[in-house]
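First comes the structure, then the notes that go with it.
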2 protein chains.
Amino acid sequence: MPKDTFFNLPDEKRQRVIEAAIDEFAKRSFHDARVTAIAEKAGIPVGSFYQYFEDKKDLFKYIIKLIADEKIAYINQDMIANMQRYGFFQLLRETYASGFRFAKERPQLVAIGLSLWNDKALSHEVYGDYIETSVGFFQRIIAKGIADGELDPSIDPAFVARLLTALTYALADFIYDDGKLDLDDMEIVDKMLRIIENGIKNRTAAIGG
Amino acid sequence: MPKDTFFNLPDEKRQRVIEAAIDEFAKRSFHDARVTAIAEKAGIPVGSFYQYFEDKKDLFKYIIKLIADEKIAYINQDMIANMQRYGFFQLLRETYASGFRFAKERPQLVAIGLSLWNDKALSHEVYGDYIETSVGFFQRIIAKGIADGELDPSIDPAFVARLLTALTYALADFIYDDGKLDLDDMEIVDKMLRIIENGIKNRTAAIGG
DNA sequence: ATATCATATGAATAGAGATTCATATGAAAC
DNA sequence: GTTTCATATGAATCTCTATTCATATGATAT
């Protein structure tokens with residue numbers, strides 16, 4: 001946790017530090033991110049940085065917490081409140097849709113999440129502070145989907161939850177990679193959902209050779 | 001490419017350098033890997049390192065090439081030779097099976113591949129040297145699967161190829177993460193293939209609620 | 001006005017690690 | 001046996017950053 005001095009700062013200055021940190025962590029991994037660059041962008045002396053934070057990791061964990069909070073706020077609250085009314089595939093689609101809106105508005109935050117996801121050691125250390133992750137969320141809606149008879153009861157909820165999480169990151173990953181970021185249409189999401197829902201086997205024609 | 005001095009080395013010494021490099025790159029990302037550690041493990045002075053390689057990246061690219069070659073050699077050659085005879089799902093299963101055997105025998109090489117996959121900037125730089133990647137391989141067998149009427153013709157081959165590649169890495173990822181690495185049984189692969197093939201929708205019971 | 005306290009400041013320190021360099025060695029050529 | 005050339009060697013250099021520290025500032029209380 002940042003020190004009291006950080007929280008005592010005028011809002012505007014505190015915000016500048018947060019934005020500088022997001023900028024830097026979005027561009028570079030935790031390890032490669034530079035305290036000096038953050039201080040410079042925020043317009044504060046390096047010395048002040050250490051008045052506000054224990055060290056670089058202290059700030060990083062704080063930023064991750066902000067991201068998690070913002071992401072949770074972004075998820076369709078109506079959906080969460082009425083989870084019992086929605087079917088699995090509808091919930092899944094809504095979740096991905098929320099994720100896409102979020103990625104569109106806050107691409108930097110998604111980039112930071114992605115690089116954390118790819119650093120397992122750091123993930124463990126950082127997520128140790130939280131109970132809930134996306135894997136946990138998926139696992140719960142899968143369990144519900146099975147209980148409701150909507151999902152194949154022979155699937156392994158923990159396994160599928162992990163797979164769905166990996167897929168969301170894979171998706172984010174290659175949307176960035178292609179440099180398209182054309183997030184207006186949900187086409188790519190629908191493609192993926194169709195595969196998850198129905199697989200890719202051809203069901204309409206005889207198999208030829 | 002390493003310098004001539006490296007290729008002129010006695011086999012045993014050259015091998016020691018390669019193994020030391022694989023050790024280090026498997027434990028640490030390219031960026032975090034230390035030239036000094038590699039030199040020390042290989043039992044050569046740091047100065048010699050720079051007689052053999054331009055720099056750290058020169059060695060890394062060479063190691064990646066070795067891994068790619070070894071991996072290709074590992075893929076069921078019979079399968080490649082008789083690709084026309086096999087169906088898509090059979091090819092996919094064989095591919096994953098080869099991948100698993102490979103991961104079991106050479107876990108370090110898989111770890112290196114994984115960390116490269118997670119560093120997109122570096123991947124581009126390194127894969128620039130190769131024409132063929134796993135994405136390309138998948139794309140070809142998917143195209144064949146569609147042509148043969150085995151796969152849903154409305155899927156997007158490039159997209160699905162990318163998804164299948166991401167899934168293989170996701171799988172490797174959480175096999176390492178769980179620390180299980182119980183690669184004797186293909187259970188986890190079959191779980192994944194079943195989802196790809198059939199999706200996860202329940203087809204045997206009415207949907208209740 | 002002075003004392004006290006929180007905060008600000010940026011130069012100095014420390015450590016890590018890549019890369020260079022001047023020098024040494026040793027084999028083959030003459 | 002001396003010249004030449006490739007290779008070996010590891011100390012010295014260079015760069016980059018995190019972190020510390022001694023000192024300054026400025027507000028509030030007395």
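Side chains are part of it too, since the values below use all heavy atoms of this structure and drop only hydrogens, waters and symmetry mates. Chain naming here is simple, since letters A, B, ... match the order of the sequence lines and numbering starts at 1 in each.
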Please list all pairs meeting ring pair (Phe, Tyr, Trp, His ring centres under 6.0 Å) that have one or both residues in residues 67-99 of chain B, counting only residues at least two apart or in different chains. B/Tyr74-B/Phe102
May I ask you to decide if B/Arg28's main-chain N or O and B/Asp32's side chain share a donor-acceptor pair within less than 3.5 Å? no
Heavy atoms only, 4.0 Å cut-off, all strands: where does [X] land among base, sugar-phosphate and nothing?
X	answer
A/Tyr52	sugar-phosphate
B/Lys57	nothing
A/Phe53	nothing

Side chain to side chain contact (heavy atoms under 4.5 Å, CB included) with B/Leu171: which residues, sequence neighbours excluded? A/Phe159, B/Phe100, B/Phe174, B/Ile175, B/Ile188, B/Val189, B/Met192
State, yes or no, whether a side-chain contact exists between [X] and [Y] at a heavy-atom distance under 4.5 Å.
X	Y	result
B/Ile196	B/Leu167	yes
A/Asp148	A/Lys144	yes
A/Phe25	A/Ile64	no
B/Leu164	B/Ile142	yes
B/Pro2	B/Asp58	yes

Start with the C-alpha distance between A/Leu163 and A/Phe138, add both sets of side-chain angles, then the distance that settles side-chain contact (heavy atoms from CB on, under 4.5 Å), and finish with yes or no. CA-CA 10 Å; A/Leu163 216 56; A/Phe138 282 132; over 6 Å; no
Contacts under 3.5 Å, N or O only, protein and nucleotides 26-28 of chain C:
none

Reading DNA chain D 5' to 3', which nucleotide is the first, and which the last, to come under 4.0 Å of any heavy atom in chain B? D/dT7 to D/dG10
Name the residue from A/Leu116, A/Ile72, A/Leu109 that meets the side chain to side chain contact (heavy atoms under 4.5 Å, CB included) definition with A/Ile67. A/Leu109
At what angle, to 10 degrees, do the two end axes of the helix from C/dA1-D/dT30 to C/dC30-D/dG1 meet, given five pairs define each axis? 30°
Pull out every residue in residues 22-32 of chain B that has a heavy atom closer than 4.0 Å to any atom of DNA chain C, ordered by number, or say none. none
Can you list the residues that meet the salt bridge (Lys or Arg N to Asp or Glu O under 4.0 Å) rule with B/Asp152, with sequence neighbours excluded? A/Arg194
In chain order, what residues pass the salt bridge (Lys or Arg N to Asp or Glu O under 4.0 Å) check against B/Lys3, with sequence neighbours excluded? none
Side-chain donor-acceptor pairs under 3.5 Å in residues 36-54 of chain A, sequence neighbours left out?
residue	atom	partner	partner atom	Å
A/Lys41	NZ	A/Glu24	OE1	3.1

Contacts to DNA chain D from residues 35-47 of chain B, heavy-atom cutoff under 4.0 Å, which residues? B/Pro45, B/Gly47
The ring pair (Phe, Tyr, Trp, His ring centres under 6.0 Å) partners of A/Phe30 (sequence neighbours excluded) come to A/Phe60
What is the distance from NZ of B/Lys56 to P of C/dA18, rounded to the nearest Å? 5 Å
May I have all residue pairs that pass salt bridge (Lys or Arg N to Asp or Glu O under 4.0 Å) and include part of residues 85-97 of chain B, sequence neighbours excluded? B/Arg93-B/Asp190
Give a yes/no on whether any side-chain N or O of B/Tyr50 is located under 4.0 angstrom from OP1 or OP2 of C/dT20. no
